[in-house]
Amino acid sequence: MSSKNHRRGPWTIQQQHTVYENPWIKVDHHDVTAPTGKTGIYGTVSFKGGAVAVLPLADNGDTWLVGQHRFPLDEYSWELPMGGCPKDEQPLEAARRELREETGLSASSWQGLGHYHVSNCITDEQAWGFLAEGLEQGDTEFDDTEELAIQRLPFDEVLAMTLDGRITDLVSVAVIQRARLLGLA
């Protein structure tokens, strides 16, 4: 599909076409005129949903991390329980589902911890963070592509991991640090 000559804010899109598409993302190529008048190209990745991250917080201050190998980075990553939020699902409902699937936990109390734009220079991906309290343990329900490790750690250790580089997932870092800055953990 190709479209011509329309505006996106101060940018003029001379031509646009989809390079690749799958059930989760769409990659578009744009021939553009920048706000400065210079012509060029822009590539964008559009997500067909968002992401949610959950900071589960036990009464004693412990939290849970999920570890897994991340294919795009070819690295192992420790991060908050998180996952996709289809456009037809509310972020809080997706957060409840992801927490249960990845840790087996359910929570009686939920609080929003921010709305984030992830790598907004190339993608429209959005993420939402949540604090979950009043936790009850149940069974995990991993997706058929997930091989996850789960650790329960004191919140202060998890916060330290965001500061020393052991946690590099940006949404996890933002949610964990925001909880501390707000005095919630």
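Just so you know, residue 1 is the first one in the sequence shown, and it goes up from there.
Atom CG of Asp156 is separated from atom CE of Met161 by 13.0 Å, given to the nearest 0.5 angstrom. With values rounded to the nearest 0.5 angstrom, Glu125 atom CD is found 14.0 Å from Trp24 atom CH2. Rounded to the nearest 0.5 Å, atoms CG (Leu55) and CG (Leu99) are 10.0 Å apart. Between the NZ atom of Lys26 and the OG1 atom of Thr18 there is a distance of 4.5 Å, given to the nearest 0.5 Å. In this structure, the separation between OG1 on Thr103 and CH2 on Trp64 is 7.5 Å, given to the nearest 0.5 Å. For the atom pair Leu181 CG and Leu159 CG, the distance stands at 8.5 Å (nearest 0.5 Å).
The closest donor-acceptor contact from the side chain of Thr168 to the backbone of Gly165 lies at 3.5 Å or more, if one exists at all. A donor-acceptor contact shorter than 3.5 Å is absent between the side chain of Gln126 and the backbone of His115. Panel note: side chain Thr39, backbone Thr33; no donor-acceptor pair is recorded below 3.5 Å. Under the 3.5 Å distance criterion, the side-chain polar atoms of Arg180 are matched with a main-chain donor or acceptor of Ala185. Put simply, the side chain of Thr123 gets close to the backbone of Val45: a donor and an acceptor are under 3.5 Å apart. Under the 3.5 Å distance criterion, the side-chain polar atoms of Glu93 are left unmatched by any main-chain donor or acceptor of Cys85.
Counting non-hydrogen atoms of neighbouring residues, nucleotides and ligands closer than 6.0 angstrom, the CG atom of Asp164 exceeds 12 such neighbours. Around the CG atom of Asn60, the shell of radius 6.0 Å holds more than 12 heavy atoms that belong to other residues, nucleotides or ligands. For Gln90, the CD atom counts as loosely surrounded, since its 6.0 Å shell holds 12 or fewer non-hydrogen atoms of other residues, nucleotides or ligands. The neighbour count for Gln137 CD, taken as heavy atoms of other residues, nucleotides or ligands under 6.0 Å away, is above 12. Summarising the local packing, CG of Leu73 is surrounded by more than 12 heavy atoms from other residues, nucleotides or ligands at distances under 6.0 Å.
Salt-bridge annotation for Arg166 and Glu157: present, with a side-chain N of the basic residue lying under 4.0 Å from a carboxylate O of the acidic one.
Contact record, Gly43 with Ile122: O-CG1, 3.5 Å, taken as the closest heavy-atom pair. The minimum heavy-atom distance between Phe130 and Gly112, with the atom names listed, is CD2-CA, 3.9 Å. Contact between Arg152 and Asp62 at its shortest, heavy atoms only, is NE-OD2, 3.0 Å. Across every non-hydrogen atom of Gly84 and Glu98, the tightest pair is N-OE2, 3.7 Å. Across all non-hydrogen atoms, the minimal contact from Leu184 to Leu57 is O-CD2, 3.4 Å. Of all heavy-atom pairs spanning Gly104 and Thr140, the tightest one is N-CG2, 3.6 Å.
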**OP:** Given side-chain contact (heavy atoms from CB on, under 4.5 Å), test Asp124 with Thr44 step by step and report yes or no.
**Re:** CA-CA 8 Å; Asp124 63 359; Thr44 58; over 6 Å; no
**OP:** Could you check Glu75 against Arg70 for side-chain contact (heavy atoms from CB on, under 4.5 Å), going step by step and ending with a plain yes or no?
**Re:** CA-CA 6 Å; Glu75 291 181 13; Arg70 287 298 191 178; 5.8 Å; no
**OP:** Could you walk me through whether Tyr116 and Val175 pass the side-chain contact (heavy atoms from CB on, under 4.5 Å) test, one step at a time?
**Re:** CA-CA 10 Å; Tyr116 307 94; Val175 170; 3.9 Å; yes
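A 4.5 Å side-chain heavy-atom check between Leu80 and Ile176 finds at least one atom pair inside the cut-off. Proximity of Asp169 to Met82: side-chain heavy atoms (C-beta onward) are separated by under 4.5 Å at one or more points. You'll find the side chain of Ile25 reaches within 4.5 Å of the side chain of Phe47, heavy atoms only. In this structure, the side chains of Arg96 and Trp110 come closer than 4.5 Å at one or more pairs of heavy atoms. Arg100 places none of its side-chain heavy atoms less than 4.5 Å from the side chain of Ser106.
Across Val54, Thr162, Ile167, Val66, a single residue satisfies side chain to side chain contact (heavy atoms under 4.5 Å, CB included) together with Ser172, and that is Ile167.
Applying the ring pair (Phe, Tyr, Trp, His ring centres under 6.0 Å) criterion to His69, with sequence neighbours excluded, gives no partner residue. Tyr76 pairs by the ring pair (Phe, Tyr, Trp, His ring centres under 6.0 Å) definition with Trp78, not counting sequence neighbours.
No chain of hydrophobic side-chain contacts below 4.5 Å, direct or via other Ile, Leu, Val, Met, Phe, Trp or Tyr residues, connects Leu65 to Ile150. One hydrophobic cluster, built from ILVMFWY side chains closer than 4.5 Å, holds both Trp128 and Leu105. Residues Val118 and Tyr42 are members of separate hydrophobic clusters, defined by side-chain heavy-atom contacts under 4.5 angstrom among Ile, Leu, Val, Met, Phe, Trp and Tyr.
Ring planes of His17 and His29: tilted class, angle from 30 to 60°.
In this structure, a donor-acceptor pair under 3.5 Å is present between the side chains of Glu79 and Ser77.
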